[in-house]
Amino acid sequence: MSERRKPYPFDHFEPKWQRIWDERQPFHAPNPGERGFDPSRSKFYILDMYPYPSGTGLHVGHPEGYTATDIVARYKRMRGFNVLHPMGWDAFGLPAEQYAIKTGQHPAVTTRENVAKFKGQLKRIGFSYDWQREINTTDPRYFKWTQWIFLQLYKSWFNPETQKAEPISSYTGAEPDDVRLAYVADVPVNWCPELGTVLANEEVIDGKSEVGGFPVVRRPMRQWMLRITAFAERLIDELDGLEWPAGIKALQRNWIGRSVGAEVDFEVAPVSNLRGEADRKLETCATITVFTTRPDTLYGATYMVLAPEHPLVDRITTDVQRDAVRDYRAAIASKSDLERTDLAKDKSGVFTGAFAVNPVNEERIPIWVADYVLISYGTGAIMAVPAHDERDLEFARRFELPILDVVQPPSGDSIGFIGEGIAINSPIIEGLPTEAAKEKITTWLEERRVGQKSIHYKLRDWLFSRQRYWGEPFPIVWRSGKHEALPESELPVEPPQLEDFKPTGTGEPPLARARDWIRYSQGATRETNTMPQWAGSCWYYLRFCDSQNDARFVGEDTERYWMGGDKPGGVDLYVGGTEHAVLHLLYARFWHKVLFDLGYVSTPEPFQRLVNQGIILGEDGQKMSKSRGNVVNPDDVIDLYGADAFRCYEMFMGPLEQMKPWSMKGVEGVSRFLARVWRLIMIENQAGEWELNPALADIAPNKAQLKVVHATIKKVTEDIETLSFNTAISQMMVFVNAFTTSDVVPFAPMRTLLVLLNPFAPHLTSELWETLETRFGGARSAITDESWPAYDPQYLVEDEIEIILQVNGKVRDRMTVASGATDAELEGAALANERVQQLIAGKTVRKVVVVPKKLVNVVAN
RNA sequence: GCUCACGUGGCGGAAUGGCAGACGCGUACGGCUCAGGACCGUAUGGGGAAACCCGUGGAGGUUCGACUCCUCUCGUGAGCACCA
């Protein structure tokens, strides 16, 4: 098979320009204080979600967002911004560790190889990253500061008065360990036996591990936690000012799950006279607090339910019911999360024998235990209002409990109505609409000290420790059963060398095998858990500002310049996939707020504008996967069509945020376009060599050409600002189509085209620019030093414009008029039009709508 | 079940409430070629010989005018999922 003929010699000039960029470093952004820094230039920080360097290399999905940001970065540089556009590696993680377990090769080695592969692939696409700022989360110079930030969390607490993180020294209570933002707790965790580690809630999907899909069970363990719940309210409220997709904001709000309602105290009734147990009485009386978002339905509470794990269950259960309750709890405990949360299953539960007293009417209502109430949400106990809650209704019908309606719907049946209506059968709030009823009864409860307004969140504290080798060790030692922070001078804490990276299987981390490493001093041993993979990505965007700084996690002035600014500040544009909507993006915001409160960063939010790129599907319209065999490798595409065609096709496919299928035919089409650009300027001679097109001439473009030039400047500029790259490319195609037919090609418009196209196809335009500069003289500067062109509106106005003629809203004809025609002239001309005359003959003209420069609509009947 | 997003030619897609289908792919015909899976040109939503009619998932509505705004409905995709 003979080698496919290249439509233009990209295989020659693409590597050439990549080499030049490596040598000359035109994309290095100087920091304040650094040589070449120009304080008059505004900053623009444009960030990609850095990849995990897996063994399989890039697929075409990665470069989609990367190409979009690269176009904006190159464009913004030409607009005179000091552009921060960095790249790095999120390199801690399970695959490298599991590969190490299989082969014995140290994860650091695997990581180094994978990073080299990824970097080579990214360079082949011609991205304009400032590689001097490259970071790697597994580099001790990097994770030293990850550990340092952890120490700041450890040494802080959330002051509810100020609603801020503060140094632990401002805490005046007895036990600082109870309030630290990083704390140790014995908690029921998501234990994955297969992976040998615990997982965060966010990493568990349908009772299985997100990575690998292995079963996950509940198990109590001592773990490090981060108090993200303290920031729940700010994490919700401060979403408002961010330019993020509404869907991502909604996902975060939903994940944080704010519910406003009331806590209500129910006294447990003494159990004398119950089923002949005349002598039996509770030694102490108990109070059960429930949380409800519908305090207005308090009169409809006909029973109460405790979660099986609720601590009061044992105390209130009567002797008669004791065996039944014990059996039920045992049965529940043996179930997996998956089985417990199966919505399809019937409701189950058991009566405790005890009764609670409803504070509004002194009614005694039975207390049940059922697994449809979760210990982890609210107070782990509910008042059941079967008339107005689906789940309670199902349970009440199953166990024949009373159902009392207390909300009158606007229409229809009140039983089973869960919306807002008018309170009925509720003396204190009778006749009030739901909102007013809630307020009044809450006040009533507060006055009698049996309840209060309350807000609950679904968000749980962040389980921050993992039983893995390939992660950041904690800068913590244990002495006499108590944890203490290592001094900052001892950072970084590097992981020990190990032969065996396997999980121990007992829940003890692999680091526990390193006997010497663990012994920190006489009487003190190191923490053996490691941090989760998210740790490094919680602050990497800050490190990019100052990646070589060994004295501070980021220099103060540098942070203020890149992350501050007069506008909202932070990262100006952040592009990545939706898969990080509630994980990385929530964790990073949390860390950032802590650092902000402690005075280390200048903005309360890290990412001002967020854009999600859509998934690229295989040619078959299916999700790309090895098993389907529809994976497209960028290297193969670049071999055939070149990096510029690859970049342009990725952008031409459709809107950035949309899911769309790959098409090799489409790449070919874009490649043809780039070849036409090449042949506008170059021509192949008899010997098959490319030389300057003799049709190129230093002549003035005609009026039509000028119009297309300026229309293209306008369109491409606006489209890059709105990230509508597909239509920007369309317009440049229109430009090229307008010039390919001309016998003489004016030189100036070609220069403009090359600049406009440069962010999209940097190699081709650099090469052609160099050729033109050589031939037509000038300063022989690189195209990357050019300024972005401005359009002149005077070339866009037309002397004559075409006006659409409509009769009753349907297009019937068109006419050409002088662009300065008045509305009255347009109306007159339209009514005089022959077609219009025909169509309105015998009818009465009711109205004539004139849209200046666009159309005239004659309404007649 | 709930929340969100999206439904436009054979395909990817384009359209500040104002000519639906830009641009590209594909297809057809022609040119150039020893040749073409290269390149150049022309055509290309459907129906119809034509006048013309019909067309943006479906049904209503607002409007002189709706792919665009509103209501309902169907379908596809994503996320959440007993959160009281």
Side-chain angles (χ1 to χ4, degrees), chain A residues 4-7 205-206 245-251 253-255 257-259 261 290-294 297 305 307 340-345 347 370-374 376-385 388-392 394-395 418 456-460 578-579 581-582 612 614-615 621 623 648-649 652-655 657-670 672-673 675-676 679 684 715 724 726-734 736-737 740-741 802-814 846-851 853-860:
Chain A
R4 189 197 166 83
R5 208 172 149 281
K6 307 275 193 290
I205 315 240
D206 290 338
I248 300 293
K249 287 191 187 185
L251 276 168
R253 283 199 189 94
N254 185 257
W255 188 266
R258 180 184 151 102
S259 299
V290 302
F291 173 67
T292 176
T293 54
R294 291 298 297 272
T297 62
V305 185
R340 267 189 75 163
T341 56
D342 183 3
L343 277 167
K345 79 178 165 90
K347 292 263 182 295
D371 71 343
Y372 82 92
V373 171
L374 310 174
S376 56
Y377 187 75
T379 60
I382 63 155
M383 61 177 212
V385 185
H388 307 297
D389 183 281
E390 228 176 309
R391 299 149 300 179
D392 296 343
E394 191 191 332
F395 191 84
I418 54 171
H456 281 265
Y457 298 92
K458 282 199 283 184
L459 186 69
R460 305 266 71 88
T578 19
E579 67 271 22
V582 287
N612 294 119
I615 295 169
K623 213 168 179 168
C648 288
Y649 175 65
F652 187 63
M653 290 173 81
E657 305 192 40
Q658 194 171 302
M659 183 186 289
K660 42 208 180 289
W662 187 265
S663 157
M664 276 304 177
K665 284 287 183 192
V667 185
E668 215 170 297
V670 171
R672 272 202 277 271
F673 158 65
R676 276 204 293 278
R679 289 197 312 268
E684 200 169 15
K715 181 84 177 136
S724 309
N726 53 333
T727 48
I729 293 171
S730 295
Q731 180 61 36
M732 289 187 279
M733 288 171 167
V734 170
V736 171
N737 292 344
T740 34
T741 47
E802 195 175 62
I803 298 292
I804 301 305
L805 296 179
Q806 294 184 337
V807 175
N808 292 332
K810 293 194 171 182
V811 179
R812 295 304 184 179
D813 204 356
R814 50 205 64 196
R846 301 284 172 201
K847 190 172 179 180
V848 178
V849 181
V850 178
V851 182
K853 296 184 192 300
K854 285 249 161 62
L855 61 75
V856 180
N857 185 14
V858 179
V859 184

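The chains referred to below are lettered A, B, ... by the order of the sequence lines, with proteins before strands, and numbering in each begins at 1. Any value given below was found using the heavy atoms of this structure, including those in side chains, with hydrogens, waters and symmetry copies removed.
In this structure, the side chains of D389(A) and F395(A) stay at 4.5 Å or more apart for every pair of heavy atoms. Looking only at side-chain heavy atoms (C-beta outward), F652(A) and M733(A) come within less than 4.5 Å of each other. With contacts defined as side-chain heavy-atom distances shorter than 4.5 Å, the pair I248(A)/L251(A) qualifies.
Under the Watson-Crick or G-U wobble criterion, with both distances below 3.5 Å, C23(B) is paired with G12(B). Nucleotide U71(B) is matched to A59(B) when pairs are restricted to Watson-Crick or G-U wobble geometry with both distances under 3.5 angstrom. Across the strands present, G48(B) finds no partner; the criterion is a Watson-Crick or G-U wobble pair with both atom distances under 3.5 angstrom. Base-pair partner of U42(B): A28(B) (Watson-Crick or G-U wobble, both distances under 3.5 Å). Nucleotide U33(B) forms a pair with no other nucleotide shown, judged by Watson-Crick or G-U wobble geometry with both contacts under 3.5 Å. Within the shown strands, U76(B) is the pairing partner of A5(B) under the Watson-Crick or G-U definition, both distances less than 3.5 Å. When both distances must be under 3.5 Å, the Watson-Crick or G-U wobble mate of G18(B) is C64(B).
When heavy atoms are screened at a 4.0 angstrom cut-off, N737(A) is found touching the sugar-phosphate backbone but no base atom. Residue V373(A) is in base contact, counting any heavy-atom pair closer than 4.0 Å across all strands shown. If you check every strand for non-hydrogen atoms under 4.0 Å, N857(A) touches a base. Among the protein residues, N726(A) comes within range of the sugar-phosphate backbone only, with heavy atoms under 4.0 Å from sugar or phosphate atoms but none that close to a base. No engagement by R846(A) is indicated, since no non-hydrogen atom pair under 4.0 Å with the nucleic acid exists.
If you take atom P in U56(B) and the same atom in G21(B), they sit 14 Å apart, rounded to whole Å. Between the C1' atoms of G41(B) and G7(B), the separation comes to 36 Å (whole Å). Using P as the reference atom, G61(B) and U42(B) are 45 Å apart when rounded to the nearest Å. When the P atom is used for both G10(B) and U33(B), the distance is 37 Å, rounded to whole Å. Taking the P atoms as reference points, C29(B) lies 50 Å from U73(B), given to the whole Å. Comparing the C1' positions of G26(B) and C64(B) gives an interatomic distance of 40 Å, to the nearest angstrom. G79(B) and C25(B) have their P atoms separated by 34 Å, given to the nearest Å.
Distances were taken from every side-chain heavy atom of F652(A) (C-beta onward) to each of G18(B), C40(B), C23(B); the shortest belongs to C23(B). Comparing C54(B), A22(B), G24(B) against the side chain of K810(A) picks out C54(B) as the nearest. Of the candidate nucleotides C80(B), A14(B), G18(B), A14(B) has the atom nearest to the side chain of P655(A). Side-chain proximity of T292(A) to the nucleotides A84(B), C25(B), G18(B) is greatest for A84(B). Of the candidates C82(B), A84(B), G18(B), C82(B) carries the atom nearest the Y372(A) side chain, counting heavy atoms from C-beta on. Comparing C19(B), A14(B), G18(B) by their nearest atom to the side chain of L855(A) picks out G18(B). The side chain of T727(A) approaches A14(B) more closely than any other nucleotide in the set C64(B), A14(B), C40(B). Of the listed nucleotides (C80(B), G18(B), G26(B)), G26(B) has the atom at the smallest distance from the side chain of K665(A). In the set G77(B), C64(B), A84(B), C64(B) carries the atom at the smallest distance from any side-chain atom of V849(A). For V811(A), the side-chain atoms get nearest to A20(B) when compared with the rest of C23(B), A20(B), C54(B).
Heavy-atom neighbours of E802(A) CD from other residues, nucleotides or ligands within 6.0 Å: above the threshold of 12.
In G9(B) the base sits syn relative to the sugar, since the glycosidic angle is no further than 90° from 0.
For the OP1/OP2 pair of C23(B) and a distance below 4.0 Å, the side-chain nitrogens and oxygens of R672(A) include no atom meeting the criterion. For R812(A) and C53(B), the shortest distance from a side-chain N or O to OP1 or OP2 is below 4.0 Å. A close approach under 4.0 Å does not occur between any side-chain nitrogen or oxygen of K660(A) and OP1 or OP2 of G24(B).
Regarding K458(A), its NZ atom lies at a distance of 10 Å from the C1' atom of C2(B), rounded to whole Å.
Donor-acceptor pairing under 3.5 Å, judged by distance alone, is absent between the side chain of Q658(A) and the base of G13(B). In this model, no side-chain donor or acceptor of K854(A) finds a partner on the base of C19(B) within 3.5 Å.
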